[in-house]
Amino acid sequence: MLNHLIALYIPARLSEAVTMHSLDARHTSLQIIVGGALESIARGGWQVYLNAETQTTGLSNVRAVQLLHDTGLDLPVTGNAVFLGRAGLSHDADVPDYLIHRAEALFDTRLIQPAA
């Protein structure tokens, strides 16, 4: 069964835009987006999915690092990052609005929420 949620996508390549997408949030689909095995970092009402295999060798994701720093986490991030919301301990949800607003302010861009 598909699990479509609104996600904030921050690609590692600066030539690619930060976007919001309605995506299939099953772990197998997220693995395709990040390009490998999943690692997640959870904080309050959101979490970010990263490629666990590139965390020491991949392309640095400076925008994801900036957003994490703005939320109080100072962590290195490599590869693509997918931010989703959290509902309880083990359920994904739509990315929270406050995280979208922080990303818009940091990256000086307007993120348009996809139609349902």
Side-chain angles (χ1 to χ4, degrees):
M1 178 169 79
L2 294 179
N3 183 20
H4 281 276
L5 298 172
I6 305 299
L8 175 63
Y9 173 68
I10 303 179
R13 295 184 191 278
L14 293 174
S15 61
E16 295 179 46
V18 174
T19 57
M20 287 179 50
H21 291 285
S22 174
L23 57 78
D24 176 9
R26 291 179 296 177
H27 281 214
T28 53
S29 298
L30 291 170
Q31 287 176 323
I32 293 168
I33 295 168
V34 302
L38 292 179
E39 174 179 4
S40 71
I41 300 167
R43 177 142 178 136
W46 59 269
Q47 61 190 355
V48 59
Y49 287 99
L50 308 165
N51 182 330
E53 298 159 351
T54 65
Q55 287 310 302
T56 57
T57 61
L59 181 63
S60 180
N61 190 330
V62 295
R63 294 177 295 190
V65 168
Q66 285 178 314
L67 183 57
L68 287 173
H69 175 77
D70 196 58
T71 65
L73 295 174
D74 288 318
L75 301 170
V77 175
T78 57
N80 298 331
V82 178
F83 288 80
L84 286 167
R86 289 182 66 210
L89 294 177
S90 62
H91 297 290
D92 293 322
D94 290 339
V95 65
D97 287 339
Y98 65 85
L99 202 58
I100 295 165
H101 298 305
R102 283 182 174 196
E104 287 177 327
L106 280 173
F107 311 133
D108 193 27
T109 190
R110 177 78 173 117
L111 298 169
I112 306 299
Q113 186 162 330

Are [X] and [Y] in one and the same hydrophobic cluster, where Ile, Leu, Val, Met, Phe, Trp and Tyr link if side-chain heavy atoms are under 4.5 Å apart?
| X | Y | value |
| --- | --- | --- |
| L73 | V65 | yes |
| M20 | L50 | yes |
| Y98 | V82 | no |
| L75 | L38 | no |
| L84 | I100 | no |

#### Entry: Chi angles and distances behind the side chain to side chain contact (heavy atoms under 4.5 Å, CB included) call for V48, V77
CA-CA 10 Å; V48 59; V77 175; over 6 Å; no
To check you understand the geometry: which heavy-atom pair defines the closest contact between [X] and [Y], and what is its length?
| X | Y | answer |
| --- | --- | --- |
| G36 | N51 | N-ND2, 3.4 Å |
| P96 | G45 | CG-O, 3.6 Å |
| A81 | N61 | N-ND2, 3.8 Å |
| H4 | S22 | ND1-OG, 3.8 Å |
| A37 | E53 | CB-OE2, 3.6 Å |

### Query
Mind checking who shares a hydrophobic cluster with I32, ILVMFWY linked at side-chain heavy-atom distances under 4.5 Å?
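Same cluster as I32: nobody, lone residue.
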### Task
Could you tell me which residues satisfy side-chain contact (heavy atoms from CB on, under 4.5 Å) with T109, sequence neighbours excluded, listed by chain and number?
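Result, side-chain contact (heavy atoms from CB on, under 4.5 Å) vs T109: F107, L111.
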Results of side chain to side chain donor-acceptor pair (under 3.5 Å) for [X] - residues two or more places apart only:
| X | value |
| --- | --- |
| S40 | none |
| D92 | Q47, Y49 |
| E104 | H101, R110 |
| H27 | none |

### Query
Who pairs with R102 by salt bridge (Lys or Arg N to Asp or Glu O under 4.0 Å), at least two apart in sequence or on another chain?
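R102: salt bridge (Lys or Arg N to Asp or Glu O under 4.0 Å) contacts with D70.
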### Message
Assess the residue pair L23 and L30 against the criterion (side chain to side chain contact (heavy atoms under 4.5 Å, CB included)); give the C-alpha distance rounded to whole Å, side-chain angles, the decisive distance to 0.1 Å, and a yes or no.
### Response
CA-CA 9 Å; L23 57 78; L30 291 170; 4.0 Å; yes
In a table with atom names and distances, give each donor-acceptor pair under 3.5 Å that connects a side chain of residues 5-15 to protein atoms at least two apart or in another chain.
residue, atom, partner, partner atom, Å
Y9, OH, N80, ND2, 3.3

### Query
Among pairs that include at least one residue of residues 58-91, which meet ring-ring contact (aromatic ring centres under 6.0 Å, His included), considering only residues two or more places apart or in two chains?
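Found W46-F83.
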